[in-house]
*Asks:* 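Quick one: the structure is below, and I'll ask about it shortly.
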Amino acid sequence: MVEVLYFAWVRERIGLAREQVETEAKTVADLVAELSAREPRYEAAFADTSALRVALDQELSEFSDPLAGVREVAFFPPMTGG
Amino acid sequence: MVEVLYFAWVRERIGLAREQVETEAKTVADLVAELSAREPRYEAAFADTSALRVALDQELSEFSDPLAGVREVAFFPPMTGG
Amino acid sequence: MKISVQSAPFDFAAETASFGQGRDDVGAVVTFTGVVRDDSGDLEALELEHYPGMTEAAIGKITEQAMARWQLADALVIHRHGRLAVGEPIMMVATAARHRVAAFEAAEFLMDYLKSRAPFWKKEHMRSGTAWVAAKEADEDALNRW
Amino acid sequence: MKISVQSAPFDFAAETASFGQGRDDVGAVVTFTGVVRDDSGDLEALELEHYPGMTEAAIGKITEQAMARWQLADALVIHRHGRLAVGEPIMMVATAARHRVAAFEAAEFLMDYLKSRAPFWKKEHMRSGTAWVAAKEADEDALNRW
């Protein structure tokens with residue numbers, strides 16, 4: 001069970017800020033594939049992962065990174081702070 | 001007749017902040033030679049002109065620059081502001 | 001060192017009044033303030049979303065790195081979130097160091113970081129509609145120089 | 001644009017309160033403050049001599065150049081002269097621009113200029129005696145990058 005968070009237009013596209021996901025996914029990419037298969041709104045949000053960033057337990061990470069031991073996964077577009 | 005100003009250690013070495021100088025010098029270098037010939041304190045101040053800067057009518061200039069029409073000549077060490 | 005992520009306005013005068021003061025090893029203080037700008041003439045407000053928890057931790061970590069790398073005497077980062085009108089300050093950075101080059105470089109580094117790695121997202125509310133601000137390649141490039 | 005060469009202390013808070021405000025084309029404000037530092041542990045005060053008349057004109061001219069080159073919305077330079085104790089602010093620069101890179105670069109350029117071209121000379125009053133501060137080659141090099 002992981003807590004999945006969405007920010008900015010990813011949040012808007014999926015229509016959720018956060019949800020708990022029951023998953024056996026080994027990597028972030030596996031999780032993205034599982035979520036995309038759920039519904040068109042997920043598929044639309046994850047259509048181009050090169051336009052997305054991911055954080056595992058609040059650390060910027062890669063889509064190829066393993067999910068073992070991770071409690072919080074966040075998906076969002078490139079940051080535009082400052 | 002030109003007004004000659006001295007700043008920082010040039011002023012201290014010569015013992016004057018400013019003076020009026022009657023001169024026929026064609027260039028700054030000529031004026032420096034005239035002043036240096038006056039007294040040891042001038043000679044000491046102008047001993048190494050590579051350690052000095054000059055301004056003509058308040059514009060940074062070169063020792064080879066002509067003095068024609070110049071009213072104010074200032075000698076000082078490299079600046080150390082900020 | 002002070003890090004604050006807040007929706008409330010900050011008081012630049014109060015923040016800078018005591019910053020880097022009362023030490024004899026501080027020769028240079030640099031501040032940067034980011035302000036909501038209206039390039040299109042159509043902007044009503046900017047909305048800043050952030051990732052509570054990660055934002056503070058990530059900024060704290062990078063600020064500690066900057067403190068060590070440029071041997072700063074002090075550093076300050078304040079970043080707002082929520083809705084901000086044109087002309088309102090979004091964020092500020094301050095650095096105090098022995099020499100000017102360190103103070104300038106550290107402030108620029110923190111800005112480049114905040115622009116492209118801190119988890120903030122800007123949405124523009126225009127009279128004609130709303131749009132998320134796209135990340136700029138120039139900001140990513142700016143960070144890579146450090 | 002404001003240039004001031006003065007012996008009196010300046011009020012950083014008051015100077016920055018209105019600087020670059022009330023315009024919708026300012027996205028970035030950078031300030032630099034130079035403070036008297038004691039590296040030796042022996043410094044009592046710094047004495048700053050300047051060239052009245054030339055100082056204001058020279059700083060005004062270079063600030064106008066910076067305004068044009070980086071398309072600044074505003075610029076401010078305040079430089080003190082006379083006797084200053086350790087910890088006292090010597091001078092400040094502020095720049096307001098559309099983008100952060102312009103505001104940072106213009107402030108650094110003005111600082112590099114003030115360090116090596118503005119007619120100021122620093123004398124250190126130490127417990128052990130007095131000495132004129134020597135110009136640094138690094139400051140000259142810094143200016144040459146622009």
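The structure presented is a predicted model; accordingly, all values stated were derived computationally and were not measured.
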*Asks:* Taking D/His79, D/Glu47, D/Met92 one by one, which has the highest count of heavy-atom pairs under 4.5 Å against chain B?
*Replies:*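 Winner by heavy-atom pair count: D/His79.
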*Asks:* So for D/His81, is it side chain, backbone, both, or neither that comes closer than 4.5 Å to the heavy atoms of chain B?
*Replies:* neither
*Asks:* Check each atom of D/Lys123 against the heavy atoms of chain B and say whether the ones under 4.5 Å are side chain, backbone, both or neither.
*Replies:*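 The side chain, not the backbone.
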*Asks:* Count the heavy atoms belonging to other residues, nucleotides or ligands that lie under 6.0 Å from CD of D/Gln71, then report whether that count exceeds 12.
*Replies:* no
*Asks:* Quick one, B/Tyr42 with B/Arg38, criterion side chain to side chain donor-acceptor pair (under 3.5 Å). Give me CA distance, side-chain angles, the key distance, then yes/no.
*Replies:* CA-CA 7 Å; B/Tyr42 286 94; B/Arg38 278 183 172 182; 3.1 Å; yes
*Asks:* Would you call D/Glu49 and D/Lys122 a salt bridge, taking side-chain N to carboxylate O under 4.0 Å as the test?
*Replies:*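 Answer for the salt bridge query: no.
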*Asks:* With only heavy atoms counted, which part of B/Ala51 is less than 4.5 Å from chain D, the side chain, the backbone, both or neither?
*Replies:*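 Neither part, no heavy atoms under 4.5 Å.
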*Asks:* Does B/Arg41 have more than 12 heavy atoms from other residues, nucleotides or ligands lying within 6.0 Å of its CZ?
*Replies:*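 Count over threshold, so yes.
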*Asks:* Measure distances from D/Lys136 to the heavy atoms of chain B and classify the residue's part below 4.5 Å as side chain, backbone, both or neither.
*Replies:*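 Neither part.
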*Asks:* Does any heavy atom of chain B fall under 4.5 Å from the side chain of D/Ala58, the backbone, both, or neither of them?
*Replies:*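 Looking at D/Ala58, nothing touches chain B.
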*Asks:* Counting only non-hydrogen atoms closer than 4.5 Å, does B/Arg11 touch chain D with its backbone (N, CA, C, O), its side chain (CB onward), both, or neither?
*Replies:*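 For B/Arg11, the side chain is the part near chain D, not the backbone.
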*Asks:* Apply the test side-chain contact (heavy atoms from CB on, under 4.5 Å) to residues D/Arg145 and D/Glu108: give CA-CA distance (whole Å), side-chain angles for both, the deciding distance (0.1 Å), then the verdict.
*Replies:* CA-CA 11 Å; D/Arg145 70 185 154 133; D/Glu108 287 176 78; 3.7 Å; yes
*Asks:* Are any of the side-chain nitrogens in D/Arg117 or D/Glu140 under 4.0 Å away from the carboxylate oxygens of its partner?
*Replies:*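 Between D/Glu140 and D/Arg117 there is a salt bridge, with a charged N closer than 4.0 Å to a carboxylate O.
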*Asks:* Does any backbone or side-chain atom of D/Arg80 lie under 4.5 Å from a heavy atom of chain B? Answer side chain, backbone, both or neither.
*Replies:*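 For D/Arg80, neither part sits under 4.5 Å from chain B.
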*Asks:* Check for me whether the distance between the ring centres of B/Phe7 and B/Phe75 falls short of 6.0 Å.
*Replies:*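 That pair fails the under 6.0 Å test.
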*Asks:* Of the listed residues (D/Met111, D/Met91, D/Lys115), which shares the most heavy-atom pairs with chain B below a 4.5 Å separation?
*Replies:*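 Top count of heavy-atom pairs under 4.5 Å with chain B: D/Lys115.
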*Asks:* Do you know which of D/Thr55, D/Val133, D/Asp139, D/Ile90 has the most heavy-atom pairs under 4.5 Å to chain B?
*Replies:*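 Greatest number of close heavy-atom pairs with chain B: D/Val133.
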